[in-house]
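Each chain gets a letter, A, B and so on, in the order the sequences are listed, and its residues count up from 1.
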There are 2 protein chains.
Amino acid sequence: MTRPLAINRLNQILQTLHDTGSVSVGALADQFDVSKETIRRDLKQLAEQGRVSLVHGGATVGIPAEPSLSRREAENATGKAAIGRKAASLVKDGMVILIDSGSTTLFLAEALTTREHLTVMTNSLPIALTLCRTPGVKTIMLGGEIHANDEASFGVDTLESLKHFNVDLAFVGAGGISDEGEFTDYTRLAAEQRHAMLNTGRKAYVLADHTKFERKTPVNIAPSDRIAGLIVDYLPSGQISAAAAQSRWPIMLA
Amino acid sequence: MTRPLAINRLNQILQTLHDTGSVSVGALADQFDVSKETIRRDLKQLAEQGRVSLVHGGATVGIPAEPSLSRREAENATGKAAIGRKAASLVKDGMVILIDSGSTTLFLAEALTTREHLTVMTNSLPIALTLCRTPGVKTIMLGGEIHANDEASFGVDTLESLKHFNVDLAFVGAGGISDEGEFTDYTRLAAEQRHAMLNTGRKAYVLADHTKFERKTPVNIAPSDRIAGLIVDYLPSGQISAAAAQSRWPIMLA
DNA sequence: CATATAAAGTCACAAAATATCACATTGAGC
DNA sequence: GCTCAATGTGATATTTTGTGACTTTATATG
């Protein structure tokens with residue numbers, strides 16, 4: 001008996017998902033006449049590739065419950081503000097820096113509003129708006145399709161723009177940090193863009209508050225040798241610290 | 001027994017909420033054939049994410065979209081709002097449009113927040129921010145250096161991005177209108193960019209309220225044959241009207 | 001203004017569906 | 001036959017949903 005190829009099942013699942021926006025484990029198990037466990041393994045695999053998002057009972061396209069920007073701003077505002085100030089202290093007059101979108105990086109932008117000579121590139125609308133109102137700061141917005149949840153541009157256009165630039169420092173966020181010390185993100189696209197941002201800077205710093213430590217988001221951000229430090233509000237667990245030591249970048253406490 | 005995915009229920013609740021402005025627990029329970037308690041748990045969850053506001057008996061949209069201070073305090077806000085609504089009436093579902101920066105065009109963006117299927121390109125940060133919060137509107141930000149006065153991108157990068165696109169309608173502002181019916185601008189760069197914007201649209205409309213009629217700013221915007229109309233709040237003087245007639249585009253009163 | 005009352009909310013618990021994990025089975029390729 | 005990866009199975013854990021007792025809120029009414 002020859003078994004139907006699993007790859008076909010995966011492709012059909014993706015097809016259905018894109019047609020209808022969501023799939024349920026039970027329905028797929030019936031449709032392909034396999035056990036629910038098999039379907040779960042399929043979906044898990046697709047989720048690890050960042051192609052679907054798992055939800056109870058099935059999977060959907062897009063991000064089911066990533067908290068909105070305004071929500072994330074409110075969460076642990078003090079810790080994020082401290083991280084922002086710490087990051088700002090690394091920025092010297094006259095530098096050209098890149099700031100990623102996110103609630104933590106928005107605090108960095110706010111901490112930079114007292115500066116006199118800076119050039120800042122960002123993909124975040126609120127950060128651009130904040131900094132363009134600061135005299136003495138030259139602001140460059142990275143164009144592209146705007147993602148509502150981040151209020152920032154993501155996509156081919158943004159990635160393309162990034163290629164044209166080289167900056168002194170890049171400040172990049174992350175969706176979460178895995179136990180192994182890998183930075184993770186909600187979508188494949190975001191992960192790729194953050195990786196590109198890390199490599200755009202001569203040095204790059206990752207900003208993450210302690211709420212990220214426990215959070216494992218589906219896609220890994222590929223490592224970069226430009227990383228010069230991880231800026232946090234609390235010291236992370238031993239595992240993450242060990243991973244940091246191994247990667248030879250310091251953990252900087254705000 | 002397989003259950004319908006809870007995530008779909010949540011999404012539909014959000015959709016209904018966006019369409020009608022509010023939802024009631026009882027109606028949703030009937031609609032999805034689940035208990036009221038389940039609906040309450042759904043709404044509570046959405047409220048925790050900041051996506052809805054709970055009220056006794058149901059929920060309403062999270063952010064009531066009150067016009068920002070700068071918008072209300074804008075000079076001749078009523079006239080500009082009328083122009084914005086008039087311009088919005090020219091936009092059909094599914095169109096791809098380009099919106100220039102400016103206070104008048106911001107009112108156009110505001111008037112488009114009820115739409116379902118639109119793609120909007122803009123160089124204005126506030127317009128991008130307004131529209132990216134509107135579900136169903138795909139927003140593309142034109143990148144480049146941000147000018148503090150306009151809170152919008154201007155420059156070589158922006159001009160370059162414009163070349164890659166073709167849109168159904170372009171809505172462009174102007175610094176002023178000369179007696180001869182020429183559109184004028186404050187800087188050479190802005191004038192050149194507005195000219196490029198006019199030519200990016202299959203059709204282009206110029207938005208100008210009556211405070212622009214008397215104003216003669218230093219640089220002329222080169223004429224374009226894509227111009228399909230000038231949208232105003234009051235009819236301009238005879239000279240401007242005559243020039244419009246000669247250029248064969250209509251003056252549209254909001 | 002106090003009170004009645006119906007509707008809505010809260011909470012704790014139980015039932016059902018789903019998820020996870022370890023281990024068994026199957027079949028293809030060597 | 002042996003190995004390995006994919007799949008199935010069943011025990012256990014977790015999540016979601018429903019139910020009913022009880023509390024709170026909105027609103028009308030005297």
Next on the checklist: For the residue pair A:Ser161 / A:Thr158, report whether a side-chain donor-acceptor contact shorter than 3.5 Å exists.
Outcome noted: no
Item to check | Pair A:Val232-A:Asp209, side-chain contact (heavy atoms from CB on, under 4.5 Å): steps then yes or no | outcome: CA-CA 5 Å; A:Val232 296; A:Asp209 74 310; over 6 Å; no
Next on the checklist: Any residue in residues 22-39 of chain B with a heavy atom nearer than 4.0 angstrom to DNA chain C? Just list them by number, or reply none.
Outcome noted: B:Val25, B:Lys36, B:Glu37
Checklist entry - If you measure only the distance, is there a donor-acceptor pair under 3.5 Å linking the side chains of A:Asp233 and A:His210? => result yes
Checklist entry - Looking at D:dG8, does its base get a donor-acceptor pair with the side chain of A:Arg41 below 3.5 Å? => result yes
Checklist entry - How close or far is atom C1' of C:dT18 from atom CD1 of B:Ile7, stated in whole angstroms? => result 15 Å
Item to check | A:Gln15 and A:Asp19 side chains, donor-acceptor separation under 3.5 Å | outcome: yes
Checklist entry - Rounded to the nearest Å, what distance is computed from the CZ atom of residue A:Arg40 to the P atom of nucleotide D:dT15? => result 14 Å
Checklist outcome for this item: Rounded to whole Å, the CD-C1' distance (A:Gln45 to D:dA5) equals 12 Å
Item to check | Rounded distance in Å - NZ (A:Lys44) to C1' (D:dT7) | outcome: 15 Å
Next on the checklist: Could you check whether A:Thr105 and A:Asp100, counting side-chain N and O atoms only, form a donor-acceptor pair closer than 3.5 Å?
Outcome noted: no
Checklist entry - Given atom CG of A:Leu54 and atom P of C:dA19, what is their separation to the nearest angstrom? => result 9 Å
Next on the checklist: With a 4.0 Å limit, can you tell me whether A:Arg9 has a side-chain N or O closer than that to the phosphate oxygens OP1/OP2 of D:dT7?
Outcome noted: yes
Checklist entry - Do NZ/NE/NH1/NH2 and the carboxylate oxygens of A:Asp185 and A:Arg194 come within less than 4.0 Å? => result yes
Checklist entry - Whole Å only: how far is the CG atom of A:Asp42 from the C1' atom of C:dA19? => result 15 Å
Checklist entry - Are B:Arg3 and C:dA17 close enough that a side-chain N or O sits under 4.0 Å from OP1 or OP2? => result no
